[in-house]
Novice: 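What follows is a structure written as structure tokens; I'll ask about it next.
We use all heavy atoms of the structure for the numbers below, so side chains are in, but hydrogens, waters and symmetry mates are not. In what follows, chains are A, B, ... by sequence order, proteins preceding strands, each numbered from 1.
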Amino acid sequence: MRRQYPFHLIEPKWQQFWEEQQSFRAFNPGEVLPAEHPFSKRHGLAGKKVSAADLPPKFYVLDMFPYPSGAGLHVGHPEGYTATDILARYKRAAGLHVLHPMGWDAFGLPAEQYAIKTGQHPRQTTEANIANFTKQIKSLGFSYDWSREVDTTDPKYFRWTQWIFLKLYNSWFNPETNKAEPIETLKYPEDLQLPEEKVGRGVLTAPRPESEEHPGTANASPRRAETATPYQLQAARRAYRDSKRLAFSSEAPVNWCPELGTVLANEEVIDGKSEVGGFPVVRRPMRQWMLRITAYAEKLLADLDTIDWSDSLKEMQRNWIGKSEGAVVEFEVEHSAGDAIIEVFTTRPDTLFGATYLVIAPEHWAVEAVTFNEQRPAVEAYKKFAAGKSDLERTELAKEKTGVFTGAHAINPVNGERIPIWIADYVLASYGTGAIMAVPAHDERDFEFAKKFGLFIRVVVWPEYKWIVENAPLDLKDQRYIEHFESRYINHPGDFQKSFAGEGTAFNFEVDGVQFHGLPTAEAKAKITTWLEAKGLGKKTINYKLRDWLFSRQRYWGEPFPIVWKKDANGDAYHEALPESALPLLPPALDDYKPTPDGQPPLARAQDWVNLPDGSVRETNTMPQWAGSCWYYLRYLDAGNDGAFVSSEAERYWMGKGVEGLKSLTVEKSASSTIQPFNFSTTPGVDLYVGGTEHAVLHLLYARFWHKVLFDLGHVSTPEPFFKLVNQGLILGEDGQKMSKSRGNVVNPDDILVEYGADAFRLYEMFMGPLEMVKPWNTKGVEGVYRFLGRVWRLFVDENSETEFEQAQTATEAQRHRELLKLIKLGPAIIDASPTPAQLKTLHTTIKKVTEDLDHLRFNTAISAMMIFVNDAMTWETKPVSVLREFLILLQPFAPHLAEELWSKVQGLKSKVEGTDTKSTLDLAYQPWPKFDPALLVEDTLEIPVQVNGKLRDRIVVAATATPAELEAAALACEKVQPFLAGKTIKKVIVVPAKLVNIVAV
RNA sequence: GCCGGUGUGGCGAAAUGGCAGACGCACGGGACUUAAAAUCCCGGGACCGUAAAAAGUCGUGCGGGUUCGAGUCCCGCCACCGGCACCA
């Protein structure tokens, strides 16, 4: 396609200008504002040392920073970046103080794998990739404040990542205050107290042992120390503390991916395979660092209600956290004389009467104890069978239930019934108590299992008749009497097609003489729970699916843990944190980045580094990639600070008003899924965060968790990091398929830039459709917006001068072409004249539409509004410069280079109409956003549709001031309407003023 | 299976319960040109009509409903996309 306008000269010119002027620098409280900076001029702060109160309201608009891969930028990246940039430029023009930063999430696997292959240090690869990404991103003209650039692999950055880890390590979650506190505030249980601690204290509420609080994840239950020597007491005290830290070491089974040579977090395992690469993952016990995110499960869940994220995203987080309310119930093992109690978790305590067997996970602690000798071989074999299954086999492939009887029985506490105890791998050791009461009549899994193994099924919840009839066995289908269905259901529920797992009414049971029959499920639940609690047989309990976060990786290219291991006098290993003064802890130089032959992490190769003079050894695991991205948005606020991860002054200014501000906000709810407008001046935290859905439960959950810990410890002032979050939709290839190298449908932004320029690229990315929708790429569509930009160009420039410019280029060497842009003159129709009412109407319609659309992130319709403006303005015989100037301000966020170039041309034509104002000397980026005048939009006459019985029959042209009566009269007088009224009586006439008339005739 | 989202021309899409298809792409016709490209102008949901029009009928995944009026609200389905999934 022929070049529409010299974007190849214009775009580098203005990118250079912005960089040299530092046009998009944001300023922190305490800074002296440069006198010449357009921000200072716009807000009258030139040369002033500003406090937070002097500065205009902030607007923090954030992109999810990229991993700088070797493949370079993808068309998906700039979609979100363009949206945020348009917002940033719009809000800047609107007078806000915009923070719009960019950085690099640069630790990661590809650079490490390249290092393993070639021996090249990952830093080198990373730096080269960052350089490439920087160049690509800068070529798109985004208004980032590059002075705040962060790189997670920079020691100046990861020093603070390690620092935050130390905060986690040195804190515990106090259930009484419901927040994280320094570990020093943790009180020891009485039997671990030193004599001086006991003095003058009443009874302490000892925190519950780990195994109850976080079943399945804990391993370090403190030892009792009744007979402890001082030395043993000290060790026990240390173990107790360590078991409470937010960062703790654990020996639990983890997701080991042999192919990647590392462990993975639960969130990184999809269908039993690694999220990266799709390699098999197996469960394997290993010592690992964990972060106690489970302590924050309730806060992470509850605070979702205070932030403005899409419903689907919130739902994903809710599902991941997986709260369920129910009860823990104790079942005594028969003949154990109360010594062996198996606790089960159930969300349906009302079905306790229907519990006809117990199932415990193969890994459950009680398996050993309860198994009868004659069953032992079978049980051992089954345990082996279950342990040998990979996660994939245990979930996807396991359609058939499997399990083995232990030989033991338990006593159902509500009715004293003897019920068999089975082990089966459909019960997960890691959830609840690792054991369930099976209620086959009212749980689909238990139903399948009971049918397979011939276990008893008893109905205790009565469904609606409809359910009974629909799910009845086929041999009943010709029965006419409901009694047949009922009696069959009562006597042989196993014949039915499935179990009834819904809510109904309690059926045919009583407990301790208390009748339950007929109670709705909710009431039955509450009543039985109260009874259990009174009897000491169980209690109300809340469970979460969320597991603690496995935080270590066996990698080189990650943050080393600031941890050393020591041995006590007994030879037992324990860990200690390095002091803050030891940070940053740099990884050692290696010449081989592979794990050691005996399977230790790569860092173990650097024995000089690992072994310290005092005999202690360094931790050789490193942190996962998520660590750096958990807090980067905070580092941007004060990126150069060497004394703190962020100064509290900068944090308070940029992150907003804190808890009070948050409480006073009501998140707008609406029936539709469209993005809501937001109140930008008071939102706490990041005002707008845009990124892909792939981070819905990983990055976004982890970052919220860290932020809440930092909040509890007083390091940040808001409980949530990201107030408003929008997911941009995926961009598909031209074939409507996901872009991938193997499909060969990947679009490279660089190619588009060469052909059409950055402005067209930006515009097309936004014109494709709503930001959050999935949409296919279409290069032809780029041509459409490119033509639009060409029309904007021709709206302004003089044709003859352009010809002169083009001829001059052929006679000049390429490097000097940019200078020739000055040959381009404004068209003769552009004059300093008063606009006509029609012109003003066109302009103000556009201002209104663009402004409102930007407030709702509707970029596509804003662009179409500007297209309509240009299509109209092209027909004007005279083009008042005041109108065109305002249009350029509207265009600037979308196509900043072209707008700047044309702005520089219209500057030569000072507008008398506007008067000589200082504003016109400001850079385009800081020109005040135009306001529309509703008075200019008023129409004199309106064309009103006339309907008969809801069908359009004619249109009438009436004065805008026409009264309803006049409208009705005019409508009834329509000729075209008459045939449809013939032979009918007019029942009524609906008149919607200025909208339509509908004649109802029968 | 559960949760969330989306279904509108040949395509991307637009429409506070009030004229369905704005804007753009592709396409067709015309102007300019020696010609092509670019540009400018015009056309366009389907059907039925007609020399061409006009008029008319149908039309927003499917089936119902509410309403003077439904792409939009309610009920019941279907399809596709995304997430979760032996979580008791």
Side-chain angles (χ1 to χ4, degrees), chain A residues 1-4 270-271 310-320 322-324 326 344-348 351 359 394-396 398-399 401 424-428 430-439 442-446 448-449 501 543-547 671-673 693-694 696-697 727 729-730 732 736 738 764 767-770 772-785 787-788 790-791 794 799 858 860-868 871 874 943-955 976 979 987-990 992 994-1001:
Chain A
M1 191 175 188
R2 189 179 176 276
R3 184 142 56 221
Q4 294 270 345
I270 314 277
D271 294 335
S310 72
D311 289 343
S312 73
L313 193 56
K314 286 186 182 182
E315 208 50 35
M316 280 189 223
Q317 293 222 338
R318 285 191 193 107
N319 289 343
W320 193 264
K323 179 178 185 171
S324 53
V344 304
F345 174 70
T346 177
T347 55
R348 292 293 299 267
T351 62
V359 186
R394 248 180 110 142
T395 54
E396 270 200 348
K399 302 260 188 280
K401 294 270 179 296
D425 67 358
Y426 82 90
V427 173
L428 306 175
S430 57
Y431 183 77
T433 61
I436 62 155
M437 63 176 206
V439 185
H442 305 297
D443 180 283
E444 196 52 34
R445 296 149 302 184
D446 297 341
E448 279 174 34
F449 191 82
N543 252 306
Y544 300 91
K545 283 200 292 188
L546 185 68
R547 302 268 65 94
S672 77
S673 68
T693 344
E694 66 273 23
V697 288
N727 287 124
L730 201 64
L732 306 173
K738 216 176 237 180
Y764 177 63
F767 190 63
M768 290 167 82
E772 70 278 38
M773 292 286 124
V774 177
K775 47 218 173 260
W777 181 270
N778 176 11
T779 300
K780 282 285 180 194
V782 187
E783 290 183 10
V785 293
R787 269 198 279 267
F788 162 66
R791 276 204 301 286
R794 290 189 294 277
E799 237 181 286
R858 296 187 298 233
N860 53 333
T861 49
I863 293 167
S864 81
M866 290 189 291
M867 287 174 168
I868 292 167
N871 290 345
M874 290 290 267
E943 194 186 60
I944 302 289
V946 179
Q947 296 180 339
V948 178
N949 293 332
K951 288 195 169 156
L952 179 72
R953 295 304 177 187
D954 200 4
R955 297 184 176 88
K976 288 187 186 170
K987 299 264 287 194
K988 68 174 152 175
V989 179
I990 313 274
V992 184
K995 274 287 180 203
L996 65 46
V997 180
N998 187 15
I999 303 164
V1000 186

Novice: For B:U60 versus B:G10, give the span between their P atoms, rounded off to a whole number of Å.
Specialist: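 About 13 Å, rounded to a whole number of Å.
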
Novice: Hey, are the side chains of A:L732 and A:W777 touching, using non-hydrogen atoms and a 4.5 Å cut-off?
Specialist: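 A side-chain contact under 4.5 Å is absent here.
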
Novice: If B:C11 has a Watson-Crick or G-U wobble mate with both distances under 3.5 Å, name it; if not, just say none.
Specialist: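 B:C11 is paired, partner B:G24.
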
Novice: Within the 4.0 Å heavy-atom criterion, would you say A:E444 contacts the bases, only the backbone, or no part of the nucleic acid?
Specialist: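 A:E444: no heavy atom of the nucleic acid under 4.0 Å.
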
Novice: Is A:T693 touching bases, backbone alone, or none of the nucleic acid, heavy atoms closer than 4.0 Å?
Specialist: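 The residue A:T693 makes no contact with any strand.
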
Novice: Taking the nucleotide of RNA chain B with the closest heavy atom to each, which residue, A:V697 or A:D446, is nearer the 5' end?
Specialist: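 Its nucleotide being nearer the 5' end, the pick is A:V697.
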
Novice: Taking atom CZ of A:R787 and atom CD of A:Q4, what is their separation to the nearest 0.5 Å?
Specialist: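 If I round to the nearest 0.5 Å, the distance is 7.0 Å.
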
Novice: Go ahead and name the base partner of B:A79; Watson-Crick or wobble counts if both distances stay under 3.5 Å, otherwise write none.
Specialist: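 Because both required distances fall under 3.5 Å, B:A79 counts as paired with B:U6.
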
Novice: Using a cut-off of strictly less than 4.0 Å, decide whether A:R794 has a side-chain nitrogen or oxygen near OP1 or OP2 of B:A38.
Specialist: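 Negative; the distance criterion is not met.
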
Novice: Quick one: classify the glycosidic conformation of B:G9 as syn or anti, with syn meaning within 90° of 0.
Specialist: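 You should classify B:G9 as syn.
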
Novice: Using 0.5 Å steps for rounding, measure from the CD atom of A:E783 to the CG atom of A:N778.
Specialist: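 One finds 9.0 Å between CD of A:E783 and CG of A:N778.
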
Novice: Is the phosphate of B:A88 approached by A:S324 (side-chain N or O, under 4.0 Å from OP1 or OP2)?
Specialist: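 For A:S324, the contact criterion (side-chain N or O under 4.0 Å from OP1 or OP2 of B:A88) is met.
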
Novice: Return the pairing partner of B:A54 with a 3.5 Å limit on both distances, Watson-Crick or G-U wobble; otherwise return none.
Specialist: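 Looking at the geometry, B:A54 pairs with no nucleotide.
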
Novice: Looking at B:C86, does its base get a donor-acceptor pair with the side chain of A:K401 below 3.5 Å?
Specialist: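 It does, because a donor-acceptor pair links the side chain of A:K401 to the base of B:C86 below 3.5 Å.
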
Novice: Does any part of the side chain of A:V1000, heavy atoms only, come nearer than 4.5 Å to the side chain of A:V989, both counted from C-beta?
Specialist: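 No, too far: nothing below the 4.5 Å cut-off.
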
Novice: Over how many whole Å does the gap from A:W320 atom CH2 to B:G4 atom P extend?
Specialist: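 Atom-to-atom, A:W320 to B:G4, this comes out as 19 Å.
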
Novice: Nearest whole Å is fine: how far is B:C86 P from A:Y426 OH?
Specialist: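 Checked: the OH to P distance equals 14 Å.
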
Novice: Taking the same atom, C1', in B:C81 and in B:C86, what whole-Å distance lies between them?
Specialist: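 One C1' to the other, the span is 25 Å.
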
Novice: Measure NZ/A:K987 against P/B:G69 and give the value in whole Å, please.
Specialist: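 In whole Å, B:G69 P and A:K987 NZ are 12 Å from each other.
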
Novice: Atom CE of A:M316 and atom C1' of B:G5: how far apart are they, to the nearest Å?
Specialist: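 Interatomic distance, CE of A:M316 to C1' of B:G5: 9 Å.
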
Novice: Could you work out which one of B:C68, B:U6, B:A14 sits closest to the side chain of A:P770?
Specialist: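 That would be B:A14.
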
Novice: Looking at B:G17, which nucleotide sits across from it as a Watson-Crick or G-U wobble partner, both distances under 3.5 angstrom, or is there none?
Specialist: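 The answer is none; no pair meets the criterion.
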
Novice: Does a side-chain heavy-atom distance below 4.5 Å link A:R953 with A:I999?
Specialist: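 A side-chain contact under 4.5 Å is absent here.
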
Novice: Using the P atoms only, state how far B:C84 lies from B:C25, rounded to an integer number of Å.
Specialist: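 Here B:C25 and B:C84 have their P atoms 39 Å from each other.
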
Novice: Tell me, do A:R791 and A:M874 make a side-chain contact under 4.5 Å, heavy atoms counted?
Specialist: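 In short, these two side chains touch, coming nearer than 4.5 Å.
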
Novice: One character per nucleotide, please: for nucleotides 21-32 of chain B, 5' to 3', B when the base has a protein heavy atom closer than 4.0 Å, S when only the sugar-phosphate does, - otherwise.
Specialist: -BBSSS------

Novice: Between B:A38, B:C68, B:A88, which nucleotide gets closest to the side-chain atoms of A:Q4?
Specialist: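 Of the options given, the side chain of A:Q4 lies nearest B:A38.
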
Novice: If we call it a pair only when both distances are under 3.5 Å in a Watson-Crick or G-U wobble match, what pairs with B:C40?
Specialist: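 Here B:C40 is engaged in a pair, and the nucleotide opposite it is B:G30.
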
Novice: Quantified in whole Å, what is the P atom distance between nucleotide B:A13 and nucleotide B:G61?
Specialist: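 Per the computed distance, 14 Å lies between those P atoms.
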
Novice: With C1' as the reference atom in both, quote the distance from B:C68 to B:C77 in angstrom, rounded to an integer.
Specialist: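 29 Å, rounded to whole Å.
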
Novice: Expressed in whole Å, how much space separates the C1' atoms belonging to B:C19 and B:G59?
Specialist: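 The same atom, C1', in both gives a distance of 15 Å.
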
Novice: B:C84, OP1 or OP2 - any side-chain N/O from A:Q317 closer than 4.0 Å?
Specialist: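 For B:C84, OP1/OP2 do not have a side-chain N/O of A:Q317 under 4.0 Å.
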
Novice: Mind checking whether A:F345 and A:M437 have side chains closer than 4.5 Å, heavy atoms only?
Specialist: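 No, their side chains stay 4.5 Å or more apart.
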
Novice: Checking contacts here: which listed nucleotide (B:A88, B:C68, B:U16) is nearest the side-chain heavy atoms of A:I990?
Specialist: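 Nearest to the side-chain atoms of A:I990, counting from C-beta on, is B:C68.
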
Novice: Select from A:G769 and A:I944 the residue whose nearest nucleotide in RNA chain B is closer to the 5' end of that strand.
Specialist: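 With A:G769 and A:I944 compared, the 5'-side residue is A:G769.
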
Novice: On a plain distance test, is the side chain of A:N998 in donor-acceptor contact with the base of B:C68 below 3.5 Å?
Specialist: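 Per atom types, the contact qualifies.
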
Novice: With a non-hydrogen cut-off below 4.0 angstrom, is A:Q947 in contact with a base, only sugar-phosphate, or nothing?
Specialist: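 The residue A:Q947 makes base contact.
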
Novice: A:D425 has an atom CG; how far is it from atom P of B:C86, in whole Å?
Specialist: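 It is 11 Å, rounded to the nearest whole Å.
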
Novice: Which part of the nucleic acid does A:K951 contact within heavy-atom distance under 4.0 Å: base, sugar-phosphate only, or nothing?
Specialist: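 The answer is sugar-phosphate, as A:K951 gets under 4.0 Å only of primed atoms, P, OP1 or OP2.
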
Novice: Measure the distance from CG on A:L996 to P on B:A70 and round it to the nearest whole Å.
Specialist: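 The answer, rounded to whole Å, is 12 Å.
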
Novice: With both distances kept under 3.5 Å, what pairs with B:U66, Watson-Crick or G-U wobble?
Specialist: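 Per the H-bond distance test, none.
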
Novice: If only atom types and distance count, is the side chain of A:K995 paired as donor or acceptor with the main-chain N or O of A:P945 below 3.5 Å?
Specialist: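 Such a contact is absent between A:K995 side chain and A:P945 backbone.
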
Novice: Please measure how far the C1' atom in B:U8 lies from the corresponding atom in B:A46, and state the result in whole Å.
Specialist: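 It works out to 14 Å between them.
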
Novice: For A:R955, does its backbone N or O pair with a side-chain atom of A:E943 as donor and acceptor, under 3.5 Å?
Specialist: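 Not confirmed, A:E943 side chain does not pair with A:R955 backbone.
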
Novice: How close or far is atom C1' of B:G83 from atom CG of A:L730, stated in whole angstroms?
Specialist: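 Computing the A:L730:CG to B:G83:C1' distance gives 14 Å.
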
Novice: Using purine N1 to pyrimidine N3 plus N6-O4 or O6-N4 for Watson-Crick, or N1-O2 and O6-N3 for G-U wobble, both under 3.5 Å, which nucleotide pairs with B:C84?
Specialist: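 The answer is B:G1, by the H-bond criterion.
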
Novice: With sequence neighbours excluded, what pairs up with A:K545 under the salt bridge (Lys or Arg N to Asp or Glu O under 4.0 Å) test?
Specialist: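 Partners of A:K545 under the salt bridge (Lys or Arg N to Asp or Glu O under 4.0 Å) test: none.
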
Novice: Between A:R953 and B:G56, does any side-chain N or O lie under 4.0 Å from OP1 or OP2?
Specialist: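 Indeed, a polar side-chain atom of A:R953 lies that close.
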
Novice: Does the A:R547 side chain pair with the main chain of A:S430, one donor and one acceptor, at a distance under 3.5 Å?
Specialist: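 At least one qualifying donor-acceptor pair exists.
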
Novice: In whole angstrom, give the distance that lies between atom CE of A:M773 and atom P of B:U8.
Specialist: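 The answer, rounded to whole Å, is 12 Å.
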
Novice: Would you measure the distance from the C1' atom in B:C80 across to the matching atom in B:G30 and give it in whole Å?
Specialist: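 That atom pair is separated by 42 Å.
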
